[in-house]
There are 2 protein chains.
Amino acid sequence: MKGRPIVIPTSYQEVFRQLEAAILRGELAIGEPIPTEAALCDMFKVKRSSVREGIRLLEQSGLVTRNAARRLVVTAPDTRRSSENFIRSVTLNQVTLEELWRVEIELETLACRLACQNMSAESLDRLSENIQQTRDNRDDAKAIIRIDMDFHRLITQAAGNKALTIARDPLGILLYASTDFVITRLAQSTERLIAAHQRIFDALAAGDEETAVTWMKKHLNDFKRGCIMAGADFNQPIADFVDHDTLAALIRNPPGQGLQ
Amino acid sequence: MKGRPIVIPTSYQEVFRQLEAAILRGELAIGEPIPTEAALCDMFKVKRSSVREGIRLLEQSGLVTRNAARRLVVTAPDTRRSSENFIRSVTLNQVTLEELWRVEIELETLACRLACQNMSAESLDRLSENIQQTRDNRDDAKAIIRIDMDFHRLITQAAGNKALTIARDPLGILLYASTDFVITRLAQSTERLIAAHQRIFDALAAGDEETAVTWMKKHLNDFKRGCIMAGADFNQPIADFVDHDTLAALIRNPPGQGLQ
DNA sequence: TTTGTCACTTTGTCTGACAATCACACATAC
DNA sequence: GTATGTGTGATTGTCAGACAAAGTGACAAA
């Protein structure tokens with residue numbers, strides 16, 4: 001016989017499971033508050049402690065967020081939430097910068113292609129404004145990091161593929177958080193960065209896929225070369241490059257807006 | 001003036017934050033149990049209810065899992081955890097099958113290339129065995145879905161890029177969960193699937209990147225064509241194709257092993 | 001129209017208790 | 001001596017009830 005392990009769920013896990021299912025089925029609509037704790041006690045016939053523990057699971061899953069009045073309202077998890085998760089996985093699974101970078105190239109390449117096909121005037125404006133910001137802040141390394149992150153995110157958004165946005169966002173945050181290290185040591189990299197961004201922008205504006213992709217790849221190669229010249233070992237785990245507090249701050253307060 | 005929103009964290013959130021930081025810093029090593037609830041009460045000077053709610057956040061974040069004795073032990077979040085999250089995002093953000101499929105192509109292409117470069121004898125064996133399983137179960141649509149999922153996951157693992165594994169896994173689960181729909185209506189698609197898998201395998205074994213990629217793309221195009229012939233609208237949201245319970249089952253019990 | 005006040009609701013935290021389960025050690029039986 | 005009961009302590013899951021803090025909404029007062 002085979003015999004699978006026996007798992008008996010606890011009350012609070014059941015509370016979570018049922019609320020999650022209701023949300024994913026659309027019974028609890030996005031934007032609406034979930035029932036009060038007292039009401040949930042009544043619905044599930046368990047005490048408030050169990051309800052509260054179940055709600056905490058729901059809270060961490062990103063399906064609900066607090067409104068002003070501390071009530072929990074149903075929310076579509078934004079990219080920020082996936083990012084937290086991805087970053088935890090990457091950190092604890094000893095993923096190297098090289099591995100992350102390799103995947104990022106692929107996703108940014110796709111983003112470029114799709115953005116060329118779907119570029120809107122509004123997206124172009126935002127990108128243009130971003131490049132201007134980069135020029136204006138060329139001497140402020142910290143600012144550059146955030147603006148650069150935003151540049152890549154804007155391209156991804158311009159691509160108009162929500163799956164791509166959800167998948168790439170966490171990579172972007174992690175990868176560009178490591179840029180800190182490079183930019184602060186390689187002052188001239190900012191000028192290369194600005195030049196590349198400009199080239200990519202021009203190609204996107206012209207709808208020239210190949211040129212956009214080519215320059216994006218150059219740009220990402222520059223990033224890698226910069227890191228290595230600054231003494232970084234690309235085969236080291238990500239965790240060695242960025243400290244947890246920096247990442248936490250980036251996640252809580254990412255550049256631009258989430259997917260919402 | 002600008003005025004950022006004021007957020008005062010609760011006790012249980014602080015409990016979570018501090019435990020999370022300790023884990024990511026490596027103070028609480030993977031595999032070790034976290035302190036008992038009583039000990040945490042003592043450390044943080046809060047009552048058990050607050051500790052427990054904090055622990056529930058930690059639990060859902062995937063940083064701890066239960067051992068046999070119900071103690072929570074520190075764990076590196078496996079791909080399963082990211083998958084849950086990604087799937088929730090995708091479902092509630094109305095991502096379409098087309099969007100998901102487009103990203104999947106890119107990641108599978110990368111997987112093929114890397115797998116060609118890093119293919120090990122062991123990975124080849126596993127792939128070979130997988131194809132045999134497919135042949136053996138050609139008449140069992142349900143089984144085919146799982147085995148096919150596993151085929152693609154094996155290639156991703158053979159690529160030897162952990163970031164790729166973490167990023168692609170949830171896409172794979174979602175995409176192939178939708179296959180249910182196709183396979184059950186298009187019996188002959190199984191034969192095409194087997195043929196494609198064989199071609200990809202041969203190319204991977206020969207280290208022939210271009211052929212592997214070409215056939216992988218053909219294979220994924222077949223998938224799309226199959227869906228459309230079966231009456232699926234690729235521009236519909238994923239949520240319309242797969243029900244929540246199927247996904248939940250797939251996540252809880254994925255084919256093969258996770259990243260661990 | 002704005003501001004202060006009050007009753008009401010809901011959440012956050014505490015207090016204290018008990019049952020269920022597990023690990024571990026020890027005693028007993030074959 | 002290995003295997004099977006049994007007891008004890010530790011730990012978690014759940015209950016019960018209480019109160020403080022912070023929000024809402026209505027209404028009176030300036």
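Everything quoted here is computed from the prediction, not taken from an experiment. Chain letters run A, B, ... following the sequence lines, proteins first and then strands; every chain starts at 1.
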**Message:** On DNA chain C, does the nearest nucleotide to A:I8 precede the nearest nucleotide to B:Q13 from the 5' side, or the other way round? Give the residue.
**Reply:** B:Q13
**Pairs involving residues 20-38 of chain A, ordered by first then second residue, that meet salt bridge (charged side-chain N to carboxylate O under 4.0 Å, His left out) (sequence neighbours left out)** = A:E20-B:R88, A:R25-A:E27, A:E37-A:R48, A:E37-A:R52
**Message:** One thing to verify: whether B:R56 and B:E59 come together as a salt bridge, which I'm taking to mean a side-chain N less than 4.0 angstrom from a carboxylate O.
**Reply:** yes
**Request:** With the side chain counted from C-beta on, respond yes when B:L58 and B:L72 share a heavy-atom pair under 4.5 Å apart, and no when they do not.
**Result:** no
**Message:** Could you tell me how far apart A:N67 (CG) and D:dG23 (P) are, to the nearest whole angstrom?
**Reply:** 11 Å
**Message:** Whether B:E99 and B:R102 form a salt bridge (side-chain N of Lys/Arg under 4.0 Å from carboxylate O of Asp/Glu) is what I want to check.
**Reply:** no
**Request:** Scan nucleotides 5-13 of chain D nucleotide by nucleotide, 5' to 3', and note B when protein non-hydrogen atoms come under 4.0 Å of the base, S if they reach only the sugar-phosphate, - if neither.
**Result:** ------SBB
**Request:** Find the distance B:E14:CD to C:dG12:P and express it as a whole number of Å.
**Result:** 15 Å
**Asked** What pairs with B:Q94 under side-chain hydrogen bond (donor to acceptor under 3.5 Å, both in side chains), at least two apart in sequence or on another chain?
**Response** none
